[in-house]
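Here the structure comes first, spelled out in structure tokens, and everything after it is commentary.
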Amino acid sequence: MTLRSLFWLYLVNFCRLLSQSFPPSPKWSADDIPDLSGRVIIVTGGNTGIGRETIKALLRRNAKVYMAARNEIKARNTIRELLQDTGKEAIFLKLDLASLESVREAAAEFKSKETELHVLFNNAGVMWPPLHQISADGYDLQFATNVMGTAFKYFAPNNKFLPLPGHFLLTHHLLGNLKAGAKSLPEKKSRIINTSSGTIYLTHRIEWDTLVDGPKRRGSSTEALYYQSKFANVLFSNELARRYGDDGIISISLNPGNIDSELLRHKPQIFKYLSPYILYSPTYGALTQLWAGTTPEAAACSGTFLAPWARIAHPNPCTDDLAVAKKLWEWLEEHTL
């Protein structure tokens, strides 16, 4: 790519990011969600922030919702709070994120209770952790958490990070349930909703040498590593749509908006002063993924990218590269399965 074409790419992408950072008032609300009786749904990272608001709205529309979370105490506290708010109780799914094996155990637990899954919200993520945080296997933390299926947890006193399961592996193990779920619905469609970010517009490629720790990764920044992980979310989502569309599986990626949530726990100090002007509440953040996961209109949006609030948007054009998407899928299979 020439410098001239790169300049125009970033100019167009910056304009798209800017427009999505200050979206118009929503024309759709959680009150517009249709009745979800009989629908089985999993939300990862559902005990706080956008995930919590997503589960609350789903419960109010009679869905059967599994809250996949690591911290059982926090999750059960949230479940009790949501029961008081909605009169409906979410189901805790233990995903304690202590090893790669735990994703298999979580999937097995779910399968022992349910044969069908109608919507999977791949919502959990991590943003801008300290650059030194890597896995015991040497993977970049943000790419591992947000894309691969391996996040990491710090254990004192031995100062090690142990691998944790995430979205690629979880999706892989639940594909059978999603296919069965599609067959059971009148529209014959199940859904995978992948929460990405507006930061996909701030990069144009995956730096493969930064995915494993080494000089190239250590010479990068935690912000750049986050951008490419969210860029990869869209590539992954689009590849899912291509590979499993014939099985009745819809895959949609989205920018939830600039949201004030625990995802920003590593944010720079300046965000504390700018937050009231540039960040929205998690209630707004849940809107786009709720629209994608529940509305009849979204059934026609497989392989698309959505912007705040519940609008079909132009993604970074580089996420349409079929060769890169195929390479990413093969890389993920090699490093996780």
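Between P308 and Y280 the shortest side-chain heavy-atom distance does not fall below 4.5 Å. The side-chain heavy atoms of E207 and S220, taken from C-beta on, include no pair separated by under 4.5 Å. With a 4.5 Å cut-off on side-chain heavy atoms, V40 and Y66 count as touching. At least one side-chain heavy atom of W329 sits under 4.5 Å from a side-chain heavy atom of L240.
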- Show your working on side chain to side chain contact (heavy atoms under 4.5 Å, CB included) between N316 and V234 and close with a plain yes or no. CA-CA 9 Å; N316 184 331; V234 181; over 6 Å; no

- Message: Let's go through E89 and I79 carefully: what are the C-alpha distance in whole Å and the side-chain angles of both, what is the deciding distance for side chain to side chain contact (heavy atoms under 4.5 Å, CB included) to 0.1 Å, and is it a yes or a no?
- Response: CA-CA 6 Å; E89 188 171 6; I79 288 171; 3.7 Å; yes

- Message: M1 vs L9, test: side chain to side chain contact (heavy atoms under 4.5 Å, CB included). Steps then yes/no.
- Response: CA-CA 10 Å; M1 187 176 292; L9 171 67; 3.9 Å; yes

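In summary, K94 and E109 do not engage in a salt bridge, as defined by a charged side-chain N under 4.0 Å from a carboxylate O. In this structure, R242 pairs ionically with E239, as a charged nitrogen and a carboxylate oxygen lie closer than 4.0 Å.
Linking Ile, Leu, Val, Met, Phe, Trp and Tyr whenever their side-chain heavy atoms come within less than 4.5 Å leaves L36 and L185 in two separate clusters. Each of L6 and F14 belongs to its own hydrophobic cluster when Ile, Leu, Val, Met, Phe, Trp and Tyr are linked at side-chain heavy-atom distances under 4.5 angstrom. Residues I206 and L322 do not share a hydrophobic cluster, defined by chaining ILVMFWY side chains whose heavy atoms lie under 4.5 Å apart. Put simply, V324 and L211 are part of the same group of oily side chains (I, L, V, M, F, W, Y) that touch within less than 4.5 Å, one to the next. Residues I252 and I312 share a hydrophobic cluster, clusters being chains of Ile/Leu/Val/Met/Phe/Trp/Tyr side chains in contact below 4.5 Å.
A donor-acceptor pair under 3.5 Å is formed between the side chain of S229 and the backbone N or O of Y226. Using modelled atom types, one side-chain atom of S251 and one backbone atom of S237 make a donor-acceptor pair closer than 3.5 Å. Under a 3.5 Å cut-off, the side chain of K189 and the backbone N or O of A182 do not form any donor-acceptor pair. No donor-acceptor distance shorter than 3.5 angstrom exists from the side chain of R76 to the backbone of I73, with no hydrogens or angles considered. Of the possible polar contacts, one joining the S196 side chain to the K230 backbone as a donor-acceptor pair under 3.5 Å is found. A donor-acceptor pair under 3.5 Å is absent between the side-chain atoms of D247 and the main chain of I249, judged by distance alone. Looking only at distances, no side-chain donor or acceptor of T199 sits under 3.5 Å from a matching main-chain atom of L202. Between the side chain of H118 and the backbone N or O of I41 there is no donor-acceptor pair closer than 3.5 Å. Here the side chain of T78 pairs a donor or acceptor atom with the backbone of N47 at under 3.5 angstrom. No donor-acceptor distance shorter than 3.5 angstrom exists from the side chain of K88 to the backbone of L58, with no hydrogens or angles considered.
To the nearest 0.5 Å, atom OH of residue Y244 and atom CD1 of residue I192 are 9.0 Å apart. Considering CH2 of W208 and NZ of K216, their distance stands at 12.5 Å, rounded to 0.5 Å. Here the straight-line distance linking atom CD of E53 with atom CD1 of I50 works out to 9.5 Å at 0.5 Å rounding. The distance from atom CG of L82 to atom CD1 of I55, rounded to the nearest 0.5 Å, is 6.5 Å. To the nearest 0.5 Å, atoms CD (E116) and CZ (R39) are separated by 10.5 Å. Of the inter-residue distances, the one linking C301 atom SG with L254 atom CG reads 11.5 Å to the nearest 0.5 angstrom.
With 3.5 Å as the limit, one finds no donor-acceptor pair spanning the side chains of N194 and N233.
At most 12 non-hydrogen atoms from other residues, nucleotides or ligands lie less than 6.0 angstrom from NZ of K326. No more than 12 heavy atoms of other residues, nucleotides or ligands shown are found within 6.0 angstrom of CG on D246. By the 6.0 Å contact criterion, NZ on K183 is open, its count of non-hydrogen atoms from other residues, nucleotides or ligands being 12 or less.
Two rings, from H204 and Y10, have their centers less than 6.0 Å apart.
Across R191 and A292, no two heavy atoms sit closer than the pair NH1-O, 2.9 Å. Counting all heavy atoms, side chain and backbone alike, S197 lies closest to F305 at O-CZ, 4.1 Å. For the pair P34 and P296, the tightest heavy-atom approach, listed with the atom from each and the gap, is CG-CD, 4.5 Å. A pairwise comparison of heavy atoms in L328 and L235 identifies CD2-CB, 3.7 Å as the closest pair. The minimum heavy-atom distance linking P315 with D320 is given by the pair CG-OD1, 4.4 Å. The shortest non-hydrogen separation linking A313 to A307 is CB-CB, 3.6 Å.
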Name the atoms and distances for all side-chain donor-acceptor pairs under 3.5 Å in residues 284-291, with sequence neighbours left out.
from: T288; atom 1: OG1; to: A310; atom 2: N; distance (Å): 3.0
from: Q289; atom 1: OE1; to: T195; atom 2: OG1; distance (Å): 2.7
from: Q289; atom 1: NE2; to: T54; atom 2: OG1; distance (Å): 2.8
from: Q289; atom 1: NE2; to: N123; atom 2: OD1; distance (Å): 3.4

